[in-house]
Amino acid sequence: QVQLVESGGGLVQPGGSLTLSCAASGFTFSNYDMRWSRQAPGQERTFVASIIRNGGARNYATFVKGRFTISRDNTKNTMYLQMNSLKPEDTAVYYCDVPSLGSWGQGTQVTVSS
């Protein structure tokens, strides 16, 4: 079955960086567009970034443009989210998903705090 496992979250100071990973299995990773979303406490899950199957096109939410970079390695069945210049408002659980399959990972917590 489809499995998505996020990792790389943690506690970081404002202005710091983290790289999240999403390891995929159970489907042909290179055939599917992928997405990162996040959910802060008490808020709805929101779109962060997406990348098409060959990595050729990427989209970002306005609030992360210029700070986050989404990428994928189809040889490793893994998607990444490089996050720079982190702000306290970036604190959330970050999820990867395959929109066309309706499959989500369990999420990884990112906390930005001094």
Side-chain angles (χ1 to χ4, degrees):
Q1 72 275 21
V2 174
Q3 280 198 318
L4 300 168
V5 180
E6 302 94 336
S7 62
L11 173 63
V12 63
Q13 292 188 342
S17 298
L18 281 175
T19 299
L20 307 183
S21 299
C22 172
S25 61
F27 63 105
T28 305
F29 182 74
S30 59
N31 286 353
Y32 290 89
D33 302 345
M34 299 289 295
R35 179 173 61 185
W36 285 101
S37 301
R38 71 187 189 186
Q39 187 167 18
Q43 298 185 21
E44 294 186 350
R45 195 170 299 186
T46 60
F47 168 80
V48 173
S50 63
I51 187 167
I52 65 170
R53 59 198 68 186
N54 67 1
R58 311 170 193 197
N59 286 305
Y60 297 92
T62 302
F63 54 80
V64 303
K65 273 186 179 177
R67 299 189 299 125
F68 292 9
T69 302
I70 188 172
S71 62
R72 65 191 294 163
D73 185 340
N74 287 345
T75 67
K76 297 181 179 179
N77 291 348
T78 302
M79 178 177 66
Y80 305 96
L81 186 68
Q82 172 68 44
M83 306 187 295
N84 298 325
S85 302
L86 283 162
K87 305 175 182 180
E89 51 264 43
D90 294 318
T91 295
V93 178
Y94 284 72
Y95 298 91
C96 64
D97 79 293
V98 190
S100 60
L101 295 179
S103 299
W104 295 80
Q106 83 291 345
T108 186
Q109 175 71 47
V110 172
T111 302
V112 185
S113 176
S114 55

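Here CZ of R38 is found 8.0 Å from CD of E89. Values are rounded to the nearest 0.5 Å. How far CD of Q106 is from CD of Q3: 9.5 Å, rounded to the nearest 0.5 Å. In this structure, the separation between CG on L20 and OG1 on T78 is 12.5 Å, given to the nearest 0.5 Å. Rounding to the nearest 0.5 angstrom, the gap separating the CG atom in D90 from the CZ atom in F63 is 8.0 Å. Residue S21 holds its OG atom at 10.0 Å from CD of Q82, rounded to the nearest 0.5 Å. How far OG of S71 is from CZ of R58: 6.0 Å, rounded to the nearest 0.5 Å.
Between A24 and L4, the shortest heavy-atom contact is CB-CD2, 3.7 Å. Between M83 and L86, the shortest heavy-atom contact is CB-CD2, 3.8 Å. When every heavy atom of Y94 is checked against every heavy atom of L81, the shortest pair comes out as CD2-CD2, 4.1 Å. Residues A92 and Q109 share a closest heavy-atom pair of O-NE2, 3.4 Å. The two residues D97 and S37 make their nearest non-hydrogen contact at OD1-OG, 4.2 Å. Of all non-hydrogen atoms in S17 and N84, the two that sit nearest each other are OG-OD1, 2.9 Å.
Of the possible donor and acceptor atoms, one in the side chain of R67 sits under 3.5 Å from a partner among the backbone N and O of S85. At least one donor-acceptor pair closer than 3.5 Å links the side chain of N74 to the backbone N or O of R53. Side-chain N or O atoms of E6 include one that pairs as donor or acceptor with a backbone N or O of C96 at under 3.5 Å.
Looking at T69 and Y80, their side chains never come closer than 4.5 Å, going by heavy atoms from C-beta outward.
Figure legend: cation-pi geometry between R72 and F29, with NZ or CZ positioned under 6.0 Å from the six-membered ring centre and within 45° of its axis. Remark: R45 qualifies as a cation-pi partner of Y95 under the 6.0 Å distance and 45° angle criteria applied to the six-membered ring.
When the side chains of ILVMFWY residues are joined at heavy-atom separations under 4.5 Å, either directly or via intervening members, L101 and M34 end up in a single hydrophobic cluster. Linking ILVMFWY side-chain heavy atoms closer than 4.5 Å, directly or via other members, places W36 and L18 in a single hydrophobic cluster. Hydrophobic clustering, with ILVMFWY side chains joined whenever heavy atoms are under 4.5 angstrom apart, groups F68 together with I51. Grouping the Ile, Leu, Val, Met, Phe, Trp and Tyr side chains by contacts below 4.5 angstrom, directly or via other members, places Y60 with V48.
Aromatic ring centroids of Y32 and F27 lie under 6.0 Å apart.
Tested against S113 for a side chain to side chain contact (heavy atoms under 4.5 Å, CB included), the candidates L11, V12, T91 yield a single pass: L11.
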